[in-house]
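Data first, discussion second: the structure below is written as structure tokens.
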Amino acid sequence: MDRVPLLLHACCGPCSLEPVRLLREEGFEPTICWSNPNIQPVAEHDLRLRTLQAWADDVAHVKVIVAGDDRAAWERSVAPFGFDRAARCRACYALRLAEACRTAHELGFDHISTTLAVSPYQLFDTCGEVLGKLAQASDLTPVWRDFRPHYPDATVRSRELGMYRQNYCGCRFSAAEAAIERHEARDARKAAKAAKRVG
Ligand code: SF4
């Protein structure tokens with residue numbers, strides 16, 4: 001059976017593992033599309049892209065297309081939302097997925113998907129809604145799947161493969177939010193230990 005070509009927007013290597021496997025199982029043949037101008041700083045962006053490319057070449061044997069990465073557009077259309085996470089992430093998905101849809105349309109793909117649907121840290125419903133609207137506007141069929149139950153497998157497999165794994169989503173706001181969450185979790189653990197000692 002010939003697999004159905006599909007353009008898969010990928011946010012990073014570890015998040016691509018399960019979507020590529022599951023989409024292939026479903027009868028699609030993914031080509032990966034990189035468009036992530038949200039990732040800061042540039043060295044981090046380049047490291048994530050290199051990690052993805054190495055896995056795609058050596059392990060998954062999937063083609064990677066590097067599409068537009070308009071960092072100035074991200075600053076204009078996403079950064080002004082600052083720590084308003086709901087609005088910021090919606091705008092960020094829209095920028096990246098619009099570029100993926102444009103690329104898919106230009107290259108003659110009929111189907112589009114994104115690895116953003118694997119991480120429980122993303123705003124799943126918002127992302128699906130944004131992809132659906134953009135795909136429709138480009139005459140593409142969105143292949144929107146809930147890959148989140150497979151996130152733990154992706155974590156294990158990417159560790160086994162020795163892949164670089166980041167601890168924040170990508171933008172400077174998410175780096176600050178993740179650092180605060182880690183500090184809060186550490187403080188909560190310390191408080192729980194202290195309460196145990198007193199008890
Ligand atoms: S948290 Fe992630 S999805 Fe949201 S704006 Fe930042 S980089 Fe984009």
Sequence neighbours left out, what passes salt bridge (charged side-chain N to carboxylate O under 4.0 Å, His left out) with Arg24? Give chain and number order. Glu29
So which heavy atom on [X] is nearest to which on [Y], and how close?
{"X": "Pro149", "Y": "Asp146", "result": "CD-O, 3.5 Å"}
{"X": "Ile112", "Y": "Ala104", "result": "CD1-CB, 4.0 Å"}
{"X": "Thr115", "Y": "Cys15", "result": "CB-O, 3.4 Å"}

Side-chain donor-acceptor pairs of residues 52-65 under 3.5 Å, sequence neighbours excluded:
{"residue": "His61", "atom": "ND1", "partner": "Asp57", "partner atom": "O", "Å": "3.2"}

Could you go through residues 166-173 and list every donor-acceptor pair under 3.5 Å that involves a side-chain atom there, pairing it with any protein atom two or more places apart or in another chain?
{"residue": "Tyr168", "atom": "OH", "partner": "Gln40", "partner atom": "O", "Å": "2.6"}
{"residue": "Arg172", "atom": "NH1", "partner": "Gln40", "partner atom": "OE1", "Å": "3.3"}
{"residue": "Arg172", "atom": "NH1", "partner": "Glu75", "partner atom": "OE2", "Å": "2.9"}
{"residue": "Arg172", "atom": "NH2", "partner": "Glu75", "partner atom": "OE1", "Å": "2.8"}

Side chains of [X] and [Y] only: does a donor on one sit below 3.5 Å from an acceptor on the other?
{"X": "Asn36", "Y": "Arg96", "result": "yes"}
{"X": "His9", "Y": "Thr114", "result": "yes"}
{"X": "Asp69", "Y": "Trp34", "result": "yes"}
{"X": "Glu129", "Y": "Tyr93", "result": "no"}

Just wondering, do Val4 and His111 contact through their side chains at under 4.5 Å, heavy atoms? yes
Student check: side-chain heavy atoms of Thr103 and Phe109 closer than 4.5 Å: no
Show the atom names and distances, to 0.1 Å, of all donor-acceptor pairs under 3.5 Å that link a side chain in residues 154-165 to residues at least two apart or in another chain.
{"residue": "Thr155", "atom": "OG1", "partner": "Tyr151", "partner atom": "O", "Å": "3.0"}
{"residue": "Arg157", "atom": "NH1", "partner": "Glu18", "partner atom": "OE2", "Å": "2.7"}
{"residue": "Ser158", "atom": "OG", "partner": "Ala154", "partner atom": "O", "Å": "2.7"}
{"residue": "Ser158", "atom": "OG", "partner": "Thr155", "partner atom": "O", "Å": "3.1"}
{"residue": "Ser158", "atom": "OG", "partner": "Arg165", "partner atom": "NH1", "Å": "2.7"}
{"residue": "Tyr164", "atom": "OH", "partner": "Glu44", "partner atom": "OE1", "Å": "3.0"}
{"residue": "Tyr164", "atom": "OH", "partner": "Glu44", "partner atom": "OE2", "Å": "2.8"}

Run the salt-bridge test on Glu184 and Arg189 with the 4.0 Å N-O cut-off and return the result as yes or no. no
Would you tabulate the side-chain donor-acceptor contacts of residues 192-199 under 3.5 Å, counting partners in other chains and residues two or more places apart, or write 'none'?
none

Who passes ring-ring contact (aromatic ring centres under 6.0 Å, His included) against Phe124, sequence neighbours left out? Trp144
